[in-house]
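Read the structure below first, then the notes.
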Protein chains: 2
Amino acid sequence: MLEVDLRSLRYFITVAEERHIGRAANRLHMTQPPLSRAIRQLEDELGVLLFERTPKGVTLTPAGKVLYDETGALLGRADRIRRRVAAAAGTAPLAIGTLADAAEQVGDRLVSLFRARYPHVHVSIHESGLGDPTAGLRAGLVDVAITRTPFDDTGISMHVLRSVPVGVVMRDDDPFAGHASVSSTDLAGRRWVRLPEGADPAWAAYWTGSGDNDNGASPVMRTIQECLQAVLWNGTSALAPIDQPLPAGLVVVPLDDRPPSDLVVAWPRTVCSPLVRGFVQVAKHCRHT
Amino acid sequence: MLEVDLRSLRYFITVAEERHIGRAANRLHMTQPPLSRAIRQLEDELGVLLFERTPKGVTLTPAGKVLYDETGALLGRADRIRRRVAAAAGTAPLAIGTLADAAEQVGDRLVSLFRARYPHVHVSIHESGLGDPTAGLRAGLVDVAITRTPFDDTGISMHVLRSVPVGVVMRDDDPFAGHASVSSTDLAGRRWVRLPEGADPAWAAYWTGSGDNDNGASPVMRTIQECLQAVLWNGTSALAPIDQPLPAGLVVVPLDDRPPSDLVVAWPRTVCSPLVRGFVQVAKHCRHT
DNA sequence: ACGTCCGATACCGCCCGGGTATCGTGCTTG
DNA sequence: CAAGCACGATACCCGGGCGGTATCGGACGT
């Protein structure tokens, strides 16, 4: 049984229109050799020569012309089928949770990629405070979350997007401000920002200097921006991923005795919705610079 | 861009008809897990649940029903395109050469597989004598050859189907008949079958005990059957692959100091015809027991 | 004659799509 | 009710396919 896949047909159409494999490869965002190979494989599959190769490009053979004329309709029909199937499934909504402002850029990128791929899906974004590292997943408020480790992950599956070391955010007039790194013992006696009560214990312990501080007096932080402002104004300290963009007057010094924190996409382990898995696929396949 | 391939759609159709992944896997000559995975991936691709999973099988969701109804037409159109393209290319003939009766079984299998895959192609088979190891390739009589090494392969590409040690064919009353193997020195003074004059030197040297014999008296052998008869009747000896089927009264004793001979499919290095490449593909993918 | 511009080839690394073994679960059955 | 069974799901392995880079060969056009 012959099994052409639609991708190679799109390749063929592009080459036929450009009359030039190199230019077609450009349009397809790939390089020339794999495209040459794909065309040759399509020819082998059909047992027919589709292009004449000339020194200045390629031209369609009669068989290639027939394939070109017929293929457009086939691809069009395939797209129509996709739309009809999506319509028949109804407009299933997808709720995405994000951890406060911790994952803004990557979250925006992922969501826009997801929207491009599943145009018929209604996406809602729920930004949660720093008190809930599951960003609403635990509470069932969202279907999938973009957040950070560590937290209690029983019943939750995760895919790591990026693993980032963590550091101490301090004012640039801090005695440690110039250091290449610090360790926990250097930080004894500091006042730390306070997370909301009831937060996941592993999470709270990780982000607040092991919690051995008198932080009853600090106000509760709900976003990273609030944390940074507290550091600037109150002389408290906070932990943050070292790639956190900082306002002027603040620096982050790597903390060398704490494991990195992972930027992850997380979802309930028992999920069956294809949309959630599709979101995870998008996250897996795109580059996280 | 979404890229469903037609294979996964055929999988889907089969599962939808069987209402049972295991049975569908059987019909598709594959096992259940990869089929489950393929269905799930199709669902992810479309962002839609296609089947309800139940303890006794699967049932189509509304979206799945729509896909089922639409997909048949798509696959039918794909098949029609294949036929039209093949027709537009005209009925390109393919000439296949085989080395005498040396490759009968495998040749028959390959040719029938090729015919099944390219039904529109007219295939002709040219059986050559033992004097031409290229089976007509060198002379331009055929497009592709099923033959044996060794021969001068300049300008010729090959794909090895099977590598078989070579042995001496002798009568079962020969002094060496019971031996597990023999070496060239054991065979001094024997009379050997004679190949046609002008055969490829490497080829002739390989198959006739290094050619240091008085074989002016032996008749020229044109097929393996003739060789075997000569051994039976004239007391000459011959070399043959050790898997050569033998008539009663003959045995083959492995020759332990000669490299094996490869059963190969060969074609001109400068080939551009998709049919030749298709034939090679068929040869590569089928099992050669 | 040589540079340039094609497509073709060679080779590499990763991912995908096959496989086997095993699990979880809901239904059946003694 | 416990045990078996039947089904799909999961985990893991392995080979092939499809991306990539580097390079070749050949046909023009100065």
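The chains referred to below are lettered A, B, ... by the order of the sequence lines, with proteins before strands, and numbering in each begins at 1. FYI, side chains are in, hydrogens and waters are out, and symmetry mates aren't considered; it's all heavy atoms of this structure. These figures come from a predicted structure and were not determined experimentally.
Distance, A:L49 CG to C:dG7 P: 15 Å, rounded to whole Å. For the pair B:R269 CZ and D:dG25 C1', the interatomic distance rounds to 13 Å; values are reported in whole Å. The CG-P distance, from B:L35 to D:dG8, rounds to 9 Å in whole Å. The CG atom of A:N26 sits 11 Å away from the P atom of D:dG20 (whole-angstrom rounding). Counting to the nearest Å, the P atom of D:dG8 and the CE atom of B:M30 are 13 Å from each other. Rounding to whole angstrom units, CG of residue A:L42 and P of D:dG17 are separated by 16 Å. One can place CD of B:E45 at 10 Å from P of C:dG17, the figure rounded to the nearest angstrom. Computed from coordinates, the B:R10 CZ to C:dG17 P distance equals 16 Å when rounded to whole Å.
The two residues A:A25 and A:L35 come nearest to each other via the heavy atoms N-CD2, 3.4 Å. For the pair A:D5 and A:R7, the tightest heavy-atom approach, listed with the atom from each and the gap, is OD1-N, 2.7 Å. Scanning both residues, A:A266 and A:F151, for their nearest heavy atoms gives CB-CZ, 4.5 Å. The heavy-atom pair separating B:V123 from B:R115 by the smallest distance is O-NH2, 3.2 Å.
Backbone-only contact: B:Y11 has heavy atoms under 4.0 Å from sugar-phosphate atoms and none from a base. Residue-level contact check: B:S36 touches the backbone only, with heavy atoms under 4.0 Å from sugar-phosphate atoms and none from bases. When heavy atoms are screened at a 4.0 angstrom cut-off, A:R37 is found touching base atoms of the nucleic acid.
DNA chain D is contacted by both B:G22 and B:Q281; B:G22 maps to the nucleotide lying nearer its 5′ end (nearest heavy atom per residue).
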Do any side-chain atoms of residues 26-34 of chain B form donor-acceptor pairs under 3.5 angstrom with protein atoms, and if so which ones, sequence neighbours left out?
{"residue": "B:R27", "atom": "NH1", "partner": "B:E18", "partner atom": "OE2", "Å": "3.0"}
{"residue": "B:R27", "atom": "NH2", "partner": "B:E17", "partner atom": "OE1", "Å": "3.2"}
{"residue": "B:Q32", "atom": "NE2", "partner": "B:S36", "partner atom": "OG", "Å": "3.0"}

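Between D:dG8 and B:H20, a contact under 4.0 Å exists linking OP1 or OP2 to a side-chain N or O.
Checked against C:dT20, C:dG7, D:dC7, the side chain of B:T31 finds its nearest nucleotide in C:dT20. Ranking C:dG18, D:dG19, D:dG8 by closeness to the B:R7 side chain, first place goes to C:dG18. You'll find that the side chain of B:I21 is closest to D:dG8, out of D:dG8, D:dT10, C:dG19.
Among A:V160, A:I156, A:L161, the one residue that satisfies the side chain to side chain contact (heavy atoms under 4.5 Å, CB included) test with A:M158 is A:I156.
Using cut-offs of 30° and 60° on the angle between ring planes, the pair B:Y118 and B:H120 is perpendicular.
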(request) Produce a footprint string for nucleotides 21-30 of chain C: one letter per nucleotide, 5' end first; B if the base is under 4.0 Å from any protein heavy atom, S if only the sugar-phosphate is, - if neither. (result) B----S----
